[in-house]
**Student:** 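Submitted below is the structure of interest, expressed as structure tokens.
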2 protein chains.
Amino acid sequence: MFVNRVRESWGKRVAESQEKEQPRRRQARGERRIAQLLEAAASVFCTTGYTAASTNAIAREAGVSPGTLYQFFPNKEAIAIELGDRLMHEMRDTFGEALAPVDPATPLEEAVGAAVDRFIAFNCDHPVFFALMHGPDIPGHIAEEHDALHATLLARIEGLLSSLLPDSPPADLTRTAHMCLGLYKAGLELVLGHEGAERDAYVQELKHVLIRYLEPLVGDRLGRVEGSGAGATAAR
Amino acid sequence: MFVNRVRESWGKRVAESQEKEQPRRRQARGERRIAQLLEAAASVFCTTGYTAASTNAIAREAGVSPGTLYQFFPNKEAIAIELGDRLMHEMRDTFGEALAPVDPATPLEEAVGAAVDRFIAFNCDHPVFFALMHGPDIPGHIAEEHDALHATLLARIEGLLSSLLPDSPPADLTRTAHMCLGLYKAGLELVLGHEGAERDAYVQELKHVLIRYLEPLVGDRLGRVEGSGAGATAAR
DNA sequence: CCAGAATGCGAGCGACCGCTCGTGTTTGTC
DNA sequence: GACAAACACGAGCGGTCGCTCGCATTCTGG
């Protein structure tokens with residue numbers, strides 16, 4: 001919602017204590033244009049990626065002129081940031097806090113399966129999410145917002161895991177969370193790359209991977225290691 | 001080694017039956033320049049990615065002029081292609097056929113562990129490989145060579161798997177190979193993103209993931225499913 | 001030794017990109 | 001209806017990028 005902020009602080013440094021950004025009253029038409037532009041940007045980012053997407057192409061897709069686009073966004077990066085922001089909020093709204101608390105009594109397969117299904121469904125509904133997440137081919141410093149997205153997801157996963165693995169060292173927990181997110185992203189790429197039955201099969205495989213990966217760790221919680229003595233169960 | 005081919009068929013369509021490309025005799029100096037340029041390209045691709053890497057930057061890094069670069073490569077894509085080609089060959093030379101045959105008697109952990117160690121070591125030695133593999137932010141059709149790389153790796157993995165899972169339907173086998181490669185790429189990203197002990201820990205986690213993922217499938221080979229009745233053991 | 005091929009240079013062409021700016025139109029307010 | 005602010009336009013500016021071209025230099029076969 002901070003679509004317009006940078007603009008006025010460009011030509012000249014604003015008076016020092018002028019931190020109060022006057023909210024630049026928007027009309028309904030403006031809000032509509034913003035939504036229109038974000039939708040167009042999502043479409044273009046999806047098909048060409050962030051860097052290859054031209055602002056002119058986004059404006060064209062939205063049916064407006066380049067100048068109009070820059071009435072609402074100070075630069076190209078802001079479009080991606082606002083888009084990411086709205087996706088974050090939509091994710092929060094969609095999932096609610098339904099993912100945070102996990103009853104330790106829930107079977108692992110059920111917990112993982114439900115989480116994966118939700119995430120996959122969300123990513124299928126909003127393919128931009130994947131595009132922004134996976135290939136922003138960072139021109140140097142867009143990482144600022146990309147990292148925010150990433151960190152939020154990681155925190156969420158870590159929250160999930162901490163209820164599954166309450167007595168795991170924080171370092172291990174963070175590492176496990178990174179692994180889970182990485183595995184999920186890998187699976188997601190394969191899932192989105194296929195259709196119909198094959199897609200479902202990949203979803204199943206992804207669940208399989210995560211369950212199998214987490215099973216022995218959760219097993220530790222019960223004081224029992226059931227594996228066949230494979231390499232160090234708690235790495236490092 | 002097909003560095004020069006496109007050049008002559010540009011201005012005018014070459015005489016129809018002139019498919020015989022005259023090999024454009026190279027002097028030792030030229031070969032040296034090519035190696036120099038590829039090394040520079042590797043460095044630049046590594047730090048900026050493919051699309052963001054400018055041919056002028058590559059030439060500068062190699063200490064030559066842009067014109068000189070285009071004496072040896074018809075366009076930017078050809079640089080990436082030749083680089084990928086040489087990496088492919090180097091991989092073949094490094095690994096030999098040592099990865100192809102897997103004694104079914106070898107413990108799964110050992111086989112996976114060895115394969116992962118080799119691949120990781122190779123990727124650490126040649127970081128460009130990851131850069132070309134993971135984020136070529138395809139400007140449309142570089143996929144031609146990118147897919148060749150991908151397909152070669154997949155075939156290699158499928159070969160490995162087929163000796164582990166001889167009686168698996170081909171479709172399942174292909175899917176499993178895709179999963180393994182995806183999981184490996186995800187793990188590799190995390191491995192390369194850390195240093196020292198933490199890196200080793202991620203390597204261990206990656207092995208853990210792959211072993212755990214493949215274990216029940218290999219178990220099927222013995223006619224026994226040892227899992228806790230998790231979602232379909234043979235997916236789809 | 002010399003003709004011609006291979007190599008090397010670097011200014012610069014054309015295309016595109018992110019973004020601006022002067023100008024005109026719509027909208028809300030009194 | 002008048003006036004200002006918000007909105008919309010689109011030519012075009014400054015810059016970069018992939019790549020070219022004319023010309024100089026170095027190598028090599030005869």
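Here is the naming used below: chain letters follow the sequence lines, and residue numbers restart at 1 for every chain.
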**Student:** Return the polar atom pairs (N/O with N/O) between nucleotides 14-18 of chain D and the protein under 3.5 Å, or none.
**Tutor:**
residue : atom : partner  : partner atom : Å
dG18(D) : OP1  : Ala53(B) : O            : 2.9
dG18(D) : OP1  : Lys76(B) : NZ           : 2.8
dG18(D) : OP2  : Thr55(B) : N            : 2.8
dG18(D) : OP2  : Thr55(B) : OG1          : 3.4

**Student:** Give the intermediate values and the outcome of side-chain hydrogen bond (donor to acceptor under 3.5 Å, both in side chains) for residues Tyr213(B) and Glu205(A).
**Tutor:** CA-CA 9 Å; Tyr213(B) 171 56; Glu205(A) 291 293 299; 2.3 Å; yes
**Student:** Without decimals, in angstroms, what is the distance between Leu69(A) CG and dC21(C) C1'?
**Tutor:** 16 Å
**Student:** Using only side-chain N and O atoms of Ser65(B), determine if any of them is under 4.0 Å from OP1 or OP2 of dG8(C).
**Tutor:** no
**Student:** Which pairs of donor and acceptor atoms, one on a side chain in residues 52-62 of chain A, lie under 3.5 Å apart (sequence neighbours left out)?
**Tutor:**
residue  : atom : partner  : partner atom : Å
Ser54(A) : OG   : Ala57(A) : N            : 2.9
Thr55(A) : OG1  : Tyr70(A) : OH           : 3.4

**Student:** Starting at CD1 of Ile34(B) and ending at P of dA6(C), how long is that distance when rounded to a whole Å?
**Tutor:** 13 Å
**Student:** Once side-chain contact (heavy atoms from CB on, under 4.5 Å) is applied, do any residues pair with Thr174(A), and if so which ones, sequence neighbours excluded?
**Tutor:** Glu158(A), His178(A)
**Student:** Take atom CD of Glu31(B) and atom P of dG8(C), then tell me their distance rounded to the nearest Å.
**Tutor:**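 From Glu31(B) CD to dG8(C) P: 11 Å.
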**Student:** Pick out which of Glu198(B), His194(B), Gln204(B) makes a side chain to side chain donor-acceptor pair (under 3.5 Å) with Arg175(A).
**Tutor:** Glu198(B)
**Student:** Tell me the interatomic distance from Arg26(A), atom CZ, to dT27(C), atom P, rounded to whole angstroms.
**Tutor:**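 Those two atoms, CZ and P, are 16 Å apart.
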**Student:** Could you tell me whether a side-chain N or O of Thr48(A) sits under 3.5 Å from a main-chain N or O of Phe45(A), the two making a donor and an acceptor?
**Tutor:** no
**Student:** How far apart are the C-alpha atoms of Gln27(B) and Arg32(B), what are their side-chain angles, what is the distance that settles it, and do they pass the side chain to side chain contact (heavy atoms under 4.5 Å, CB included) test?
**Tutor:** CA-CA 9 Å; Gln27(B) 317 189 303; Arg32(B) 240 180 296 128; over 6 Å; no
**Student:** Go through the structure and list residues passing side-chain contact (heavy atoms from CB on, under 4.5 Å) with Glu90(A), not counting sequence neighbours.
**Tutor:** Thr94(A), Phe122(A), His126(A)
**Student:** Does the structure place the NZ or CZ of Lys185(B) under 6.0 Å from the centre of the six-membered ring of Phe130(B), at an angle of no more than 45° from the ring's axis?
**Tutor:**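 That pair does not qualify as a cation-pi contact.
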**Student:** Rounded to whole Å, please give me the gap between CZ in Phe73(B) and P in dT20(D).
**Tutor:**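 The distance from CZ of Phe73(B) to P of dT20(D) comes to 15 Å, rounded to the nearest Å.
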**Student:** Respond yes when some side-chain nitrogen or oxygen of Arg33(B) is under 4.0 Å from OP1 or OP2 of dG8(C), and no when none is.
**Tutor:**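 Yes, because at least one side-chain N or O of Arg33(B) sits under 4.0 Å from OP1 or OP2 of dG8(C).
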**Student:** Below the 4.0 Å mark, does dC9(D) have OP1 or OP2 next to a side-chain nitrogen or oxygen of Thr68(A)?
**Tutor:**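 Yes, within the criterion.
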**Student:** Excluding sequence neighbours, so at least two apart, what forms side-chain contact (heavy atoms from CB on, under 4.5 Å) with Asp200(A)?
**Tutor:** none
**Student:** Expressed in angstrom and rounded to an integer, what is the separation of Gln71(A) atom CD from dG10(D) atom P?
**Tutor:**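 Those two atoms, CD and P, are 14 Å apart.
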**Student:** For Gly67(B), which contact category applies under a 4.0 Å heavy-atom criterion: base, sugar-phosphate, or nothing?
**Tutor:** base
**Student:** Anything under 3.5 Å between a protein N or O and an N or O of nucleotides 26-30 of chain D, put it in a table, one pair a line.
**Tutor:**
none

